[in-house]
Amino acid sequence: MAEDGTVTLYNTTVITDPKHNPYSFKVGVAQTLRGGAILHVSTVEQAKIAERAGACAVVVSESPSRGAGGILRMTDPSLVKDIKRAVSIPVLARARVCHFVEAQILEALGVDYVDESEALAVADEQNHINKHNFRCPFICGARNLGEALRRVREGAAMVRTQGDLTGSGNVAEVVKNVRSVMGDIRILTNMDDDEVFAFSKKIEAPYDLVAQTKQMGRLPVVHFAAGGIVTPADAALMMQLGCDGVFVGSEIFQFEDPYKRVRGIVQAVRHYNDLHVLVETSCGLTRAMADLNLNGDRIED
């Protein structure tokens, strides 16, 4: 790791000078997304709808059909440029796991965050990008606490607990993975300090980050959920389970009045404990989304 340990800023409004501690700066920048919904978009019009509906950021992600030979790669830079010109909210773009040249290209484009995404084809089965070599913050996926902390050690400023990638519209997998992460954190916080060494070895995570997670009672970076989140109720569920926000797939734009659907999810994330808001945002959406359930032809990011 480029610095000694992970510096977190949850208890202060001061952002560390990036010249002296760039990782702390990236972690601080990522915190601005807390309490928001990030929308996957594949066109300029979708990005504009997401911005009007209150999304905190957009991820530029092309349709899988555009991947040559079935291989999903980095998004076309020209699409990224067009969307950056069209919206004022942060723009994320995806690179393949350990494809550091794709990440270099995206950083040169001026994206606000790079998502090292397992939803794309994997460029290296054994390694991940050394994210400390980059100026922009990185987002990485994980399915358990050990994996999440390994990504943080590599320099991830946000962790995305990933669920279903098959497009079934089933929220069960991301619920299972979020509960696994949160459950391990609860176990960790109740451990004696001497037990943390064995626990860090068990989950194959750096001891200093495990100790910091125990002290904080949460992941040391921003924590979002992704996969199968297609209704306001799904989004509120993730928030009530302890996440900082959600990612929503671009298939949300395939239905009538996508603004209403996106706005409903955004409001559910912001007011996840207000049942009056959840009732209002859920009305008229469930029936229209029914064909997402267990439909393998849909792609969920």
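Enclosure of atom CZ in F253 by more than 12 non-hydrogen atoms of other residues, nucleotides or ligands within 6.0 angstrom is indicated. More than 12 heavy atoms of other residues, nucleotides or ligands shown are found within 6.0 angstrom of CZ on F199. Applying the 6.0 Å contact sphere to CZ of R52 captures more than 12 heavy atoms from other residues, nucleotides or ligands. By the neighbour-count criterion of 12 heavy atoms within 6.0 Å, atom CZ of F197 is sparsely surrounded, having that number or fewer from other residues, nucleotides or ligands.
Aromatic rings of Y113 and F138 (six-membered ring for Trp) have centroids beyond the 6.0 Å cut-off, not under it.
Side-chain contact annotation: S180 with N177, donor-acceptor N/O pair under 3.5 Å absent. Side-chain N/O atoms of S250 and Q46 include no donor and acceptor closer than 3.5 Å.
Classification of R96 and E118 as a salt-bridged pair fails, no side-chain N sitting under 4.0 Å from a carboxylate O. The existence of a salt bridge linking E45 and K48 is excluded, since no basic side-chain nitrogen approaches an acidic carboxylate oxygen closer than 4.0 Å. Between R160 and D115 a salt bridge is recorded (basic side-chain N to carboxylate O distance below 4.0 Å).
The side chain to side chain contact (heavy atoms under 4.5 Å, CB included) test with T213 is passed by exactly one of D208, L149, V152: L149. Among H128, K131, R94, the single residue meeting the side-chain hydrogen bond (donor to acceptor under 3.5 Å, both in side chains) criterion with E116 is K131.
Side-chain contact between V262 and V248 is absent, with no heavy-atom pair separated by less than 4.5 Å. Using a 4.5 Å heavy-atom threshold, the side chains of D192 and E195 count as touching. Residues V178 and C243 meet the side-chain proximity criterion, which asks for heavy atoms closer than 4.5 Å.
Between H40 and F247, the two ring planes are tilted [angle within 30° to 60°].
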As a quick check of understanding, evaluate side chain to side chain contact (heavy atoms under 4.5 Å, CB included) for V58 and I38, giving each step before the final call.
CA-CA 5 Å; V58 294; I38 299 176; 5.9 Å; no

Walk me through whether D244 and F224 qualify under side chain to side chain contact (heavy atoms under 4.5 Å, CB included).
CA-CA 5 Å; D244 295 318; F224 273 47; 4.1 Å; yes

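Between I203 and V210 the shortest heavy-atom distance is CD1-CG2, 4.1 Å.
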